[in-house]
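Everything on this sheet refers to the single structure shown next.
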Amino acid sequence: MLELNIIREKPDYVKERLAVKHFGQLEIVDRIVELDINRRSTQKNLDDSLNKSNTLSKEIGALYKTGKREEAEAMKAQTNVLKEQIKQFHDDLSAIEEELKGQLVLLPNLPHTSVSPGKTPEDNEVVRSFGDLPEMGDEAKPHWELCDEYHLMSLELGVKIAGAGFPVFLGQGARLQRAMINFFLDEARNAGYQEIVAPLLVNATTAFGTCNLPDKEGQMYFVGEDNFYLIPTAEVPLTNIYRDEILKESDFPIKVAGYTPCFRREAGSYGAHVRGLNRVHQFDKIEIVQIQHPDKSYETLEEMVVHVEGILQKLELPYRILRLCGGDATFASALTYDFETYSAAQKRWLEVSSVSNFETFQSNRMKLRFRDKDTKKTRLTHTLNGSALALARIIATLLENNQTPDGIKIPKALQPYTGFEMITK
RNA sequence: GGUGAGGUGGGUGAGUGGCUGAAACCACCAGUUUGCUAAACUGACGUACUGGAAACAGUACCGCGGGUUCGAAUCCCGCCCUCACCGCCA
């Protein structure tokens, strides 16, 4: 949620930046400015009326105390008019605030100045690439064939147990998965992140805090019986740990990491390129989250990018980093880097990580503040997060790129975790 | 699931209709004292909104929402949550 004072002070600048994200409903900005003015004058009226009412009440109390009953009774009549006014102003204010919040929640975050105004994924800027693309020719098998051949994963079994898009990992496939989880968590811990195990079900307030509600409501599984949402990413519980907090500057940076399964309905996204593990309803992910001082958040973003790169390099996977253009960036982020690894058999890049700075967009919703040591006032923090890493697709790439006639090679860094060097039949 | 108790500031906890935005104590912060540390002493010490250049002033908030009353942390109603015991259970 954008900060109201930016909209109030620089509505044209806000519109200009929103245009970079190809946000069409710029009239919302004008409506917000209008509502804000109404809100303030109504607030003033309410406060003034309340002030009169409070003053009268005190006088009445004093009169009773000194035994002047008749005078007190006479004064009570005056309060009736005030009471009606107060009720009216109060109702008006509530209505205005409700609409204001409703409008505010519709605006996406303003993009960072480095974000290009492109529209589609093709317009994303490749920041850098690493590693040589594997050349395997046409006999390279896609990971879904490899999974069958080596009995690593079954989507059919998932259908039997749950439904389409719920993979069941088997034997060496399951062990590979567990190895990666441990490897990624160790990497995060070595980089200074506190490891956290958080709930997989969250309430609506939490989902709102990280902007998953109302913006992406249809993307989350909802447990109606108890009004819980299944988390689409650990970002949701991990960031909300700090909701409604006022931090000290010495608390920065807060670095937490957690492994969780992630649940996504992925409504409406079916087709040829979502085969196998490319897009599933449940996958495992290690998420890193940082809460940082506004002056340092972009340094932190770079640090997180370097962290993800380090993992991909240890896994010996060719990757590239994209700076998302305005049209492809997510609703809440100011700047996002996507990481893609190249899958040899599918001959395409697969997104395996997304690292973002949300600036104050989430913290404003969460009322996550810190006390500025100079001004002593509270300010909103910046929040950042990134996948380090998302599992299902990493496994897809790894299987495809490391296939040999004798089996599938496990990268050296992972071998201590898997306990085997090669996946064999 | 059943029964009972309770939700007050960072923490403990007082407060049953006006003098309470809220005692006291603890913690935190600043300072004094002190070879250092500790202790002791002094002071400051909630959040948000509105008006104001600021100083400052007004308003709201004692789980949330409504109600009674001139006036509610305090009385009434609904909801949420927590704790204890019993039952069930990994």
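Numbered from 1 within each chain, the chains take letters A, B, ... in sequence-line order. No hydrogens, no waters, no symmetry mates; every other heavy atom, side chains included, goes into these values.
Here, B:A40 and B:G4 have their C1' atoms 46 Å apart, quoted to the whole Å. Here the separation of B:G10 from B:G35, taken at their P atoms, is 39 Å to the nearest Å. If you take atom C1' in B:U8 and the same atom in B:C25, they sit 16 Å apart, rounded to whole Å. A distance of about 30 Å separates the C1' atoms of B:A24 and B:U34, rounded to the whole Å. For the C1' atoms, the distance from B:G21 to B:G58 is 14 Å, rounded to whole Å. When the P atom is compared between B:A73 and B:U59, the two are found 14 Å apart, to the nearest whole Å. B:C77 sits 16 Å from B:U69 when the C1' atoms are compared, rounded to a whole Å. When the C1' atom is compared between B:A14 and B:G7, the two are found 16 Å apart, to the nearest whole Å.
If you look at A:Phe331 and A:Phe361, their ring centroids are closer than 6.0 Å. Aromatic ring centres of A:His382 and A:Tyr298 lie farther apart than the 6.0 Å criterion allows. For A:Phe252 and A:Phe370, the ring centers are positioned less than 6.0 Å apart.
Here B:C28 presents its P atom at 17 Å from CZ of A:Arg371, a figure rounded to the nearest Å. We find that CD1 of A:Ile86 is positioned 11 Å from C1' of B:C70, with the value rounded to whole Å. Distance A:Asn364 CG to B:C49 C1': 14 Å, rounded to the nearest Å. Residue A:Lys376 contributes atom NZ, which lies 16 Å from atom P of B:A44 at whole-angstrom precision. The distance between atom CD1 of A:Ile246 and atom P of B:G10, rounded to the nearest whole Å, is 8 Å. Straight-line distance from the CG atom of A:Asp244 to the C1' atom of B:G10: 14 Å, rounded to whole Å. Separating the CG atom of A:Asn5 from the P atom of B:A48 is a distance of 13 Å, rounded to the nearest angstrom. Separating the NZ atom of A:Lys248 from the P atom of B:A30 is a distance of 11 Å, rounded to the nearest angstrom.
Using a 4.0 Å heavy-atom distance criterion, A:Leu50 is classed as a sugar-phosphate-only contact.
B:G78 is paired with B:C64 under the criterion used here, namely a Watson-Crick or G-U wobble arrangement in which both key atom distances are under 3.5 Å. When both pairing distances are held under 3.5 Å, B:A90 makes no Watson-Crick or G-U pair with any nucleotide shown. Of all nucleotides present, only B:U32 satisfies the Watson-Crick or G-U wobble test against B:A40, with each distance under 3.5 Å. Nucleotide B:A72: unpaired (no Watson-Crick or G-U wobble partner with both distances less than 3.5 Å). Across all strands shown, nothing is found opposite B:U20 as a Watson-Crick or G-U wobble partner with both distances under 3.5 Å. As the counterpart of B:C49, B:G58 is assigned, both hydrogen-bonding distances of the Watson-Crick or G-U wobble pattern falling under 3.5 Å. Partner assigned to B:C85 is B:G2, using Watson-Crick or G-U wobble distances below 3.5 angstrom.
Regarding contacts with the backbone of B:U50, every side-chain N or O of A:Lys44 stays at 4.0 angstrom or more from both OP1 and OP2. Look at A:Arg39 and you won't find any side-chain N or O under 4.0 angstrom from OP1 or OP2 of B:C49. Taking 4.0 angstrom as the limit, A:Asn54 places a side-chain polar atom (N or O) nearer than this to OP1 or OP2 of B:U59. Of the side-chain N and O atoms in A:Thr378, one or more sit less than 4.0 angstrom from OP1 or OP2 of B:A48. Between A:Arg369 and B:U47 there is no side-chain polar atom (N or O) within less than 4.0 angstrom of OP1 or OP2. Between A:Arg40 and B:G51 there is a side-chain polar atom (N or O) within less than 4.0 angstrom of OP1 or OP2. When the side-chain nitrogen and oxygen atoms of A:Asn51 are compared with OP1 and OP2 of B:U50, none of them lie within a distance under 4.0 Å. Taking side-chain N and O atoms only, A:Lys377 has no distance below 4.0 Å to OP1 or OP2 of B:U47.
Taking the centre and axis of the six-membered ring of A:Tyr417, the NZ or CZ atom of A:Lys314 falls outside the cone set by 45° and 6.0 Å. The cationic group of A:Arg175 does not satisfy the cation-pi geometry with A:Phe420, failing either the under 6.0 Å distance to the six-membered ring centre or the 45° limit from the ring axis.
For the pair A:His90 and A:Ser53, nearest-nucleotide mapping onto RNA chain B gives the more 5' position to A:His90. Judged by closest nucleotide on RNA chain B, A:Lys58 is the one of A:Lys58 and A:Leu46 placed further toward the 5' end.
Checked against A:Glu303 for a side-chain hydrogen bond (donor to acceptor under 3.5 Å, both in side chains), the options A:Lys296, A:Gln290, A:Gln292 give a single hit: A:Gln290.
Between A:Arg264 and A:Thr233 there is a side-chain heavy-atom pair separated by less than 4.5 Å.
Distance alone, capped at 3.5 Å, is enough to place a donor-acceptor pair between the A:Arg17 side chain and the A:Pro111 backbone.
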